Participant: 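The structure follows.
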Amino acid sequence: MFSAQDCQWMAHALRLAEQGLYTSSPNPRVGCVLVADGNIVGSGWHLRAGEAHAEINALNEAEDAARGATVYVTLEPCSHHGRTPPCVDALIAAGIERVVVAVADPNPQVAGAGSEKLRQAGIVVDIGLMETEARELNSGFFARMTRGTPWIRSKAGMSLDGRTALANGKSQWITGESARLDVQHWRARSCAVLTGIGTVLADNPRLNVREVKTDRQPLRVVVDSQLRTPFNAKIFLDDEGGKVLIYTATNDRKKGAILEQAGASICELPDKNGQIDLAAMMQDLAQRGCNEVLVEGGSALNGSLLRARLVDELLLYISPQMLGDKARGIAQLGELTDLEQCINLKWCDVRQIGDDMRITAGVENV
């Protein structure tokens with residue numbers, strides 16, 4: 001159904017979609033190319049929510065040359081009124097003859113309606129070209145739309161023997177400068193960076209994006225069941241407009257008021273055991289428009305999230321050193337008595353970053 005030329009133009013549209021990697025959230029990253037007589041007559045991508053979608057930017061560039069053209073777009077064009085008018089109406093009015101879509105929109109407000117409206121207008125619609133690549137580019141958006149939670153990516157810097165800190169808690173720096181810079185790109189593409197109170201007290205991180213050009217800072221989230229976050233913690237020091245959200249299991253109004261004065265929003269989500277309901281926390285983050293969440297926590301938080309089957313992907317930076325069996329591990333999973341209890345992973349990507357190795361592994365949550 002798809003030709004070599006179709007693949008060429010869709011690959012170009014996917015590269016355009018990546019231009020919105022750090023900025024489009026909570027909207028998906030979308031790229032669009034208009035082709036007539038074998039030439040690109042218009043192209044565009046979606047930069048940020050509230051601004052023109054990729055199709056509109058491409059149509060504006062093409063102007064009259066759009067009539068009779070073929071559109072290559074990485075996500076099904078929208079058919080509903082949101083912050084902007086429906087893209088399908090603009091495509092129909094422009095006289096487009098064919099639309100090639102990488103993947104159908106999981107948003108229930110679209111969910112095939114955009115393609116159907118195009119077909120009813122006599123436009124040929126072909127769906128499924130480079131679907132895997134388009135899904136991976138918007139893994140968080142698909143997760144939020146289909147299951148009501150963000151895509152959870154847990155990052156850890158570790159030694160070759162799987163240790164993330166010495167027994168005394170020291171961990172700066174296990175990995176090298178190149179790996180730390182690479183992490184900044186993952187922060188920049190994330191809607192939120194999440195950590196636990198243990199990491200806040202031990203390392204006092206800022207959790208913001210540095211050394212990467214972006215005009216959007218991620219939401220900084222702390223899992224703090226008893227509101228032990230210091231009011232002068234570095235997460236509150238941000239000149240770029242980033243916000244802080246603290247999830248807690250206590251209703252201590254005095255502590256909460258102090259932290260709110262420091263710049264935090266407080267959300268109480270206790271479970272029946274007096275701890276934070278982690279599943280409810282992920283649902284709440286999705287309702288706040290978070291597509292991707294980067295976890296930068298210690299072994300306790302990592303273990304809790306993995307045991308709750310809430311982690312989708314591990315982002316592991318492995319340094320060429322060994323810290324010994326007394327050092328701290330990546331996740332507190334407790335004692336496993338059967339191999340069927342283990343966390344199963346799927347290798348996705350392995351590459352060298354400076355002197356370190358970066359492994360991306362999917363978590364099989366079954």
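Model, not experiment: these values are computed from the prediction.
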Participant: So which atom in Ser154 and which in Val311 form the shortest heavy-atom distance, rounded to 0.1 Å?
Facilitator: CB-CG1, 4.0 Å
Participant: If you measure from the Lys or Arg side-chain nitrogens to the Asp or Glu carboxylate oxygens, is any gap between Glu268 and Arg253 under 4.0 Å?
Facilitator: yes
Participant: Report the distance from atom OG1 of Thr23 to atom CG of Leu47, rounding to the nearest 0.5 Å.
Facilitator: 4.0 Å
Participant: Run the side chain to side chain contact (heavy atoms under 4.5 Å, CB included) test on Cys7 and Leu129 for me, step by step, so that the C-alpha distance in whole Å, both residues' side-chain angles and the decisive distance to 0.1 Å come before the verdict.
Facilitator: CA-CA 7 Å; Cys7 295; Leu129 179 59; 3.7 Å; yes
Participant: Write out all pairs satisfying ring pair (Phe, Tyr, Trp, His ring centres under 6.0 Å) with one or both partners inside residues 22-64, taking only residues at least two apart or from two chains.
Facilitator: His46-His53
Participant: Would you give the length of the straight line joining atom CD1 of Ile235 to atom CD1 of Ile246, rounded to the nearest 0.5 angstrom?
Facilitator: 5.5 Å
Participant: Between Leu16 and Val33, is a side chain to side chain contact (heavy atoms under 4.5 Å, CB included) present by the stated rule, with each step listed?
Facilitator: CA-CA 9 Å; Leu16 290 174; Val33 177; 3.7 Å; yes
Participant: Let me check something: do Phe2 and Trp9 share a hydrophobic cluster, defined by ILVMFWY side-chain heavy atoms less than 4.5 Å apart, either directly or through other members?
Facilitator: yes
Participant: CG of Asp271 to CG of Asp277: how many Å apart, nearest 0.5 Å?
Facilitator: 5.5 Å
Participant: Show your reasoning for whether side-chain hydrogen bond (donor to acceptor under 3.5 Å, both in side chains) applies to Asp356 and Ser319.
Facilitator: CA-CA 5 Å; Asp356 306 310; Ser319 69; 4.8 Å; no
Participant: Any non-hydrogen side-chain atom of Glu364 less than 4.5 Å from a side-chain atom of Leu345?
Facilitator: no
Participant: Is there a side-chain contact between Leu21 and Leu137 in this structure, where contact means two heavy atoms from C-beta onward sitting under 4.5 Å apart?
Facilitator: yes
Participant: Please report the shortest heavy-atom distance between Cys290 and Leu219, naming the atom on each side.
Facilitator: SG-CD2, 4.4 Å
Participant: So Val244 and Ser265, do their side chains get closer than 4.5 Å, heavy atoms only?
Facilitator: no
Participant: Please list all pairs meeting salt bridge (charged side-chain N to carboxylate O under 4.0 Å, His left out) that have one or both residues in residues 280-298, counting only residues at least two apart or in different chains.
Facilitator: Arg29-Glu292, Arg153-Glu292, Lys155-Glu296, Arg187-Glu296, Arg189-Glu292, Asp284-Arg288
Participant: Not counting sequence neighbours, list each pair that qualifies as a ring pair (Phe, Tyr, Trp, His ring centres under 6.0 Å) and has a residue in residues 174-232.
Facilitator: none
Participant: Please list all pairs meeting salt bridge (charged side-chain N to carboxylate O under 4.0 Å, His left out) that have one or both residues in residues 49-58, counting only residues at least two apart or in different chains.
Facilitator: Arg48-Glu51
Participant: Salt bridge between Asp182 and Arg180, side-chain N to carboxylate O under 4.0 Å?
Facilitator: no
Participant: Side-chain contact test, heavy atoms from C-beta onward, threshold under 4.5 Å: evaluate it for Leu314 versus Ile359 and give yes or no.
Facilitator: no
Participant: Treating Asp203 as the side-chain partner and Pro205 as the backbone partner, does any N or O pair qualify as donor plus acceptor under 3.5 Å?
Facilitator: no
Participant: Would you find a donor on one side and an acceptor on the other, under 3.5 Å apart, between the side chain of Asp349 and the backbone of Thr360?
Facilitator: no
Participant: List the residues meeting side chain to side chain donor-acceptor pair (under 3.5 Å) with Arg67, not counting sequence neighbours, and say none if there are none.
Facilitator: none
Participant: Can you name the nearest heavy-atom pair linking Ser79 to Ala113, along with the distance?
Facilitator: OG-CB, 3.4 Å
Participant: Are side-chain heavy atoms of Tyr247 and Asp224 found at a separation under 4.5 Å?
Facilitator: no
Participant: Does the pair Glu116 and Gln120 meet the rule for a side-chain hydrogen bond (donor to acceptor under 3.5 Å, both in side chains), with working shown?
Facilitator: CA-CA 6 Å; Glu116 181 59 26; Gln120 289 177 355; 3.3 Å; yes
Participant: Working note: Ser159 + Asp161, criterion side-chain hydrogen bond (donor to acceptor under 3.5 Å, both in side chains); need CA distance, chi angles, decisive distance, verdict.
Facilitator: CA-CA 5 Å; Ser159 61; Asp161 53 348; 2.4 Å; yes
Participant: For the atom pair OG1 (Thr229) and CD1 (Ile258), what is the distance rounded to the nearest 0.5 Å?
Facilitator: 12.0 Å
Participant: What do the steps show when you test Leu118 against Ile92 for side chain to side chain contact (heavy atoms under 4.5 Å, CB included), and what is the final call?
Facilitator: CA-CA 7 Å; Leu118 291 170; Ile92 293 170; 4.0 Å; yes
Participant: Let me know which of Pro106, Ser139, Pro26, Pro150 forms a side-chain contact (heavy atoms from CB on, under 4.5 Å) with Arg144.
Facilitator: Pro26
Participant: Could you state the interatomic distance from CD1 (Ile174) to CD (Gln321), rounded to the nearest 0.5 Å?
Facilitator: 6.5 Å
Participant: Any link between Met158 and Leu160 through a network of hydrophobic side chains (Ile, Leu, Val, Met, Phe, Trp, Tyr) touching at under 4.5 Å?
Facilitator: yes
Participant: Any salt bridge linking Arg147 with Asp312? Criterion: basic side-chain nitrogen under 4.0 Å from a carboxylate oxygen.
Facilitator: yes
Participant: With a 3.5 Å distance limit and no angle check, can you tell me whether Asn138 reaches the backbone of Phe142 through a side-chain donor-acceptor pair?
Facilitator: no
Participant: First locate atom CD1 of Ile318, then atom OG1 of Thr175, and finally report the distance between them rounded to the nearest 0.5 Å.
Facilitator: 11.0 Å
Participant: Does Thr248 use its side chain to pair, donor to acceptor, with the backbone of Ser225 at less than 3.5 Å?
Facilitator: yes
Participant: So, the side chain of Glu76 versus the backbone of Ser115: is there a donor-acceptor pair under 3.5 Å, distance only?
Facilitator: yes
Participant: Side-chain atoms of residues 68-75: list all donor-acceptor pairs with protein atoms under 3.5 Å, sequence neighbours left out, distances to 0.1 Å.
Facilitator:
| unit_1 | atom_1 | unit_2 | atom_2 | d |
| --- | --- | --- | --- | --- |
| Tyr72 | OH | Asp6 | OD1 | 2.6 |
| Thr74 | OG1 | Gly31 | N | 3.0 |

Participant: Does the Glu133 side chain pair with the main chain of Arg135, one donor and one acceptor, at a distance under 3.5 Å?
Facilitator: no
Participant: Donor-acceptor check, side chain of Asp252 to backbone of Lys254, threshold 3.5 angstrom: yes or no?
Facilitator: yes
Participant: Taking all atoms of both residues into account, what is the closest heavy-atom pair of Pro77 and Val101, and its distance?
Facilitator: CD-CG2, 4.0 Å
Participant: Flag yes if more than 12 heavy atoms outside Asn273 fall under 6.0 Å of its CG atom; otherwise flag no.
Facilitator: yes
Participant: Would Asn208 and Val193 count as a side chain to side chain contact (heavy atoms under 4.5 Å, CB included) here? Give the steps.
Facilitator: CA-CA 8 Å; Asn208 61 345; Val193 179; over 6 Å; no
Participant: Check for a donor-acceptor pair, side chain of Arg220 on one end and backbone N or O of Phe236 on the other, with a separation under 3.5 Å.
Facilitator: no
Participant: Compare every heavy atom of Gly289 with every heavy atom of Cys191, then report the nearest pair and how far apart it is.
Facilitator: SG-O, 4.1 Å
